[in-house]
Amino acid sequence: MAYWLMKSEPNVYSWDHLKSDGVAPWTDVRNYQARNHMKAMKKGDLVFFYHSNIGREIVGVMEVVREHYPDPADPRFVLVDVKCHRLFKTPVTLAMIKADPRLQGIGLIRQSRLSVMPITDDEWRIILDLEQIK
DNA sequence: GCCAACGTTGGC
DNA sequence: GCCAACGTTGGC
């Protein structure tokens, strides 16, 4: 199983929106690198939900329930369907991630504009640790 | 194919 | 509101 992180501005589409939608397509990715990551996602993969701009924190974990299919709004890009898996007890903030020497290689820091990125097993475990610590 | 101009993302 | 990073566009 692989791990990922996807960003959304919570005033546009937040964790609570997904929670009330149940299963929903992840829309509006218009970057080829991000799209390629979406194409690599498999059913059952887990995905950190990051609130960008407002909050700047990982709020929970989603699960991929449908693998990539063409975006009807622009067939050059794709959608995946996701659902909420588990809400964090406390969000893991960007500040916490930046302050952790073990997470300096994470895409969230290295490629701050990328909205869909892979997360290594180590990074995944460290972030779950940070959730417990706070 | 290069690169300047421009637009977007997202942290601060 | 500013700006750094970086992707895209279009002229040549």
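All heavy atoms count here, side chains included; hydrogens, waters and symmetry mates do not. Protein chains get the first letters and strands the later ones, always in sequence-line order, with residue 1 at the start of each.
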Side-chain contact check for Arg56(A): nearest option of dG7(C), dC12(B), dG10(B) is dC12(B)
CD1 of Ile126(A) to CE of Met96(A), rounded to nearest 0.5 Å, is 12.5 Å
Interatomic distance, NE2@His17(A) vs CG@Asn11(A), rounded to 0.5 Å, equals 9.0 Å
Of the listed dG10(B), dG11(B), dG7(C), the closest approach to the Asn31(A) side chain comes from dG7(C)
Item checked: Flag side-chain contact, heavy atom, 4.5 Å: Arg86(A) against Glu131(A) -> yes
note: Glu57(A), atom CD; dC12(B), atom P; distance rounded to Å ~ 13 Å
In whole angstroms, the gap separating P of dT8(C) from CZ of Arg35(A) amounts to 10 Å
Query raised in the report: Between dT9(B) and Lys7(A), is there an OP1 or OP2 to side-chain N/O distance shorter than 4.0 Å?
Result: no
note: Arg110(A), atom CZ; dT9(B), atom P; distance rounded to Å ~ 21 Å
Atom CG of Leu108(A) and atom C1' of dA5(C) are separated, to the nearest Å, by 15 Å
Rounded to whole Å, the CZ-P distance (Arg113(A) to dG7(B)) equals 14 Å
Determine whether Val29(A) and Met6(A) make a side-chain contact, defined as any pair of heavy atoms from C-beta on separated by less than 4.5 Å. no
Ile109(A) atom CD1 is separated from dG11(B) atom P, nearest whole Å, by 11 Å
Whole-Å distance, Tyr32(A) OH to dT9(C) P, equals 7 Å
Rounded to whole Å, the CG-C1' distance (Asn53(A) to dG1(C)) equals 13 Å
Practice prompt. May I ask you to evaluate whether Tyr50(A) reaches the phosphate of dT9(B), defined as a side-chain N or O under 4.0 Å from OP1 or OP2?
Written response: no
